[in-house]
Amino acid sequence: MSLGSSASVHGIGRPHFQEELAGLEHATLGGIDLVLGQIDRTVEALRHQDVELASMVILDDDRIDGRYLEVHQGILSLLARQAPVAGDLRLVAALLHTIKHIERVGDQCVNICKLLPLCGNEPPTVPDVLELVLRMAVLARSEVAQSKLAFAQRDAALAEDLVRQDHQINTLQRDIFRRAIEIGEDPDIREWAMTMTLVARCIERIGDNAVDIGEQTAFVVTGLFREFSDSRGDGAA
Amino acid sequence: MTPDGSTPKTAEMPSDELLDPRSTPVRRPTPGPAAGAGGASGTDPPPGKQAYAVRLEHLRAFYGSAEQVKGVDLELHANQVTAIIGPSGCGKSTMIRCINRMHEEIPGARAEGRVLLDDANIYDSAVDVVAVRRAVGMIFQKPNPFPTMSIFDNVAAGIRLSGVGRGDLPRKVESALRGAGLWEEVKDRLGQPGIGLSGGQQQRLCIARSLAVDPEVLLMDEPCSALDPIATLKIEELIDELKRRVTIVIVTHNMQQAARVADRTAFMLSGELVEVGLTKQIFTNPVDSRTEEYVTGKFG
Amino acid sequence: MSTPARSSGSSASTLAAFAPSAARRRRDRTARGVIAALTALALVPLVLIVYYLLQKGVGSWSGSFFTSDPTGASFFKNVSIGGIRSAILGTIEMVAIASGIAVPVGIGVAIWLVEYGRTSRLASVVRFSVDVLTGVPSIVFGLFIYITLVVTDLLGRGLAGYKGALALSLLMLPVVIRSCEVILSLVPDSLRESALALGAPRWRVIGRIVLPTAIPGMITGILLAVARAAGETAPLLFTVGGANKLSFSPGGQMNALPLQIYNDILSPTTTVINRAWGAALTLVAMILVLNLIARLISRRSRLA
């Protein structure tokens with residue numbers, strides 16, 4: 001039973017409450033936009049080994065933390081004053097979880113950007129591996145964007161589809177790991193390759209958080225919480 | 001977060017949810033000289049007992065030709081609290097007044113269908129209305145202790161009026177007052193007029209009055225609407241205690257109250273029963289969209 | 001209408017803005033004056049009556065006035081011009097008999113109207129009849145008894161005390177029914193409901209809950225009916241026949257205060273006329289006492 005986007009429900013009662021709830025959802029999904037920007041810039045920094053861009057990403061994480069606090073406070077206030085129930089309550093719980101996942105995605109971007117300077121300004125790169133990492137990052141970006149769409153449209157099927165994309169990310173990560181092991185003897189290259197595996201781990205975590213947001217979408221729609229199968233395991237793609 | 005596979009939404013959770021240890025009834029104590037001694041010593045509340053379940057089968061209630069309750073089928077589980085919620089005029093008060101046959105006291109009112117009290121139809125022609133009302137007590141919205149009577153006499157009034165079990169009144173009165181959580185507050189002034197108490201105390205006095213005749217079911221028609229929040233809270237705690245002894249049905253306008261006190265909740269709209277289920281289900285994930293709209297405040 | 005010019009801040013002018021206009025004050029005073037004058041006008045006859053009664057009646061009051069009959073017979077020594085003993089005792093006895101008939105019947109009808117009949121067609125008819133009877137002139141009741149019992153000698157010969165009592169009871173009945181009905185319907189339905197919900201049969205609800213709550217108010221109404229009956233003359237005229245001697249038997253003629261007054265006031269003898277005034281004062285005093293008792297009892301009532 002779908003209520004559609006909560007912003008479009010015009011009930012007879014409680015207009016202020018509905019407005020406030022819609023505002024919280026808007027702020028949360030806006031947080032995803034913020035985080036998408038962070039991912040984009042992280043990808044750029046990775047592609048060009050741009051340490052300055054990376055430090056900007058790190059600084060900008062404050063905005064995402066601020067958004068988290070804002071939504072968190074707003075939800076507490078709403079719970080205390082308005083006592084939401086049923087669909088509204090599920091939405092509030094989902095928003096609380098989702099903003100946390102968004103904040104974690106932001107943190108993962110920061111982690112990636114912190115790893116970049118370790119490679120030095122002109123690291124030896126292995127193009128194949130870099131290509132895989134960038135592909136992973138682009139996939140993760142599209143996962144996050146899709147999770148936002150699924151939530152906004154209350155589309156449980158779209159949310160479940162995130163698992164498929166996440167499988168691809170997992171496959172890429174294993175690939176990168178394998179290549180890093182076989183990278184050769186050069187210690188500089190080896191060091192860079194180790195860093196890339198760490199970067200890949202962070203990107204994989206971004207993907208996991210996007211899937212978690214998808215699970216929240218399914219919870220709002222169906223009223224039952226369940227973990228999407230095989231999103232974390234080593235199951236075949 | 002229970003992993004639940006791909007089960008579609010249902011109004012009923014699996015049955016093991018019902019065995020909430022809080023609502024497990026204690027078996028009815030065997031009658032004997034030692035039984036029922038709960039009031040005399042110490043401050044123990046009266047023991048629990050297995051109460052009746054109530055079942056409404058296609059109940060219809062009329063005021064003249066106007067049908068106020070339109071074919072309700074509802075089961076009220078023994079020793080549990082069931083809340084009836086719904087907008088004004090949906091027929092919830094009318095419906096519960098059919099359970100103790102008070103509805104027919106209104107001129108021109110009548111009821112059809114069956115109401116089964118422990119599998120006995122109270123609308124059967126062989127049934128004595130007065131006996132039904134002894135087994136099914138009622139608490140009203142406005143506390144109404146008898147104005148000419150003292151506290152003691154008020155509680156004893158039920159026993160005296162129904163003419164049943166007049167022996168040992170002081171012990172029965174004390175037991176009833178303990179059951180209503182009022183004994184400590186009034187034990188030193190049992191002779192004072194009942195109307196001298198505060199609103200919340202008066203309502204608990206009315207509860208004690210009903211408990212004194214040892215009912216199986218207690219119907220409560222918005223019992224806290226006229227009370228302040230503290231008194232309301234006390235009565236809600238009392239309800240939680242009382243369900244060990246009686247089956248409780250509470251009609252309330254206050255959805256938060258229903259959410260707090262009731263094990264199960266039924267939603268009525270325009271004389272029909274729309275949905276019934278575990279309270280937590282109704283308030284987190286109701287099945288019917290009308291229920292969803294009502295509890296989230298979109299109408300009503 | 002004077003509206004002071006608006007100025008900011010000053011509280012005196014704000015106060016003036018709220019003050020009533022001079023024209024309104026004039027109208028207020030005029031209206032008060034008119035009402036006071038009308039009230040005084042209404043009180044004048046009352047004051048005059050009381051004054052006359054006291055002035056003319058007190059003089060007759062004495063020990064022998066209350067203890068001897070108009071015939072002269074007395075508890076103590078016989079006197080020549082008697083008092084009103086037989087009248088007082090006769091009034092008391094006849095009113096008591098009348099009450100004994102009217103009060104139980106009246107309460108019964110009132111209970112039926114409020115508890116059982118309620119909105120039924122029959123109840124409406126009964127209520128209407130009671131209203132009509134309240135307005136029937138008291139002499140009609142006397143005439144009714146006269147025609148049915150006195151002329152026909154149906155239940156005993158001629159004029160008799162009990163026949164007068166019957167006429168009085170007919171007079172009292174609608175008043176008792178009316179006032180008891182009002183009081184009973186003032187008992188909140190919530191009391192009946194909660195008593196019924198406890199599992200009480202209806203007659204017990206009425207007897208143990210409704211009536212005890214209503215009794216003080218009903219007693220007030222009944223006493224007022226009694227007071228009225230004590231003062232009625234017309235019903236007694238053709239039914240009792242004011243015998244002067246003391247008689248306790250209601251089967252024969254009896255004396256009553258209104259009759260005594262009626263007979264005595266037309267007498268040529270001054271002392272007899274004075275006796276009439278004394279009797280009138282006594283009657284008013286008795287009614288006053290009854291009213292006071294009724295008022296005291298109604299203070300204890302929780303209903304009205």
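In what follows, chains are A, B, ... by sequence order, proteins preceding strands, each numbered from 1.
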Set out, in order, the CA-CA distance, both residues' side-chain angles and the distance that settles side-chain hydrogen bond (donor to acceptor under 3.5 Å, both in side chains) for Gln201(B) and Ser198(B), then state yes or no. CA-CA 5 Å; Gln201(B) 288 173 323; Ser198(B) 74; 3.3 Å; yes
Which portion of [X] sits near chain C, non-hydrogen atoms under 4.5 angstrom:
X: Pro215(B); value: neither
X: Phe146(B); value: both
X: Val129(B); value: neither
X: Asn144(B); value: both

Does Tyr123(B) have Arg101(B) sitting over its ring (NZ/CZ under 6.0 Å from centre, angle to axis within 45°)? yes
Chain B contact via [X] - side chain, backbone, both or neither, heavy atoms under 4.5 Å:
X: Leu196(C); result: both
X: Arg208(C); result: both
X: Arg202(C); result: side chain

Which of the residues Arg133(B), Arg134(B), Lys142(B) is involved in the greatest number of heavy-atom pairs with chain C at under 4.5 angstrom? Arg133(B)
Verify whether one side chain among Glu222(B) and Thr252(B) offers a donor that lies under 3.5 Å from an acceptor in the other. no
Under a 3.5 Å threshold, yes or no: a donor from one side chain and an acceptor from the other, between Thr134(C) and Asp131(C)? no
Interatomic distance, CE@Met138(B) vs CE@Met220(B), rounded to 0.5 Å, equals 11.0 Å
Roughly how far, to the nearest 0.5 Å, is CD of Glu185(B) from NZ of Lys234(B)? 5.0 Å
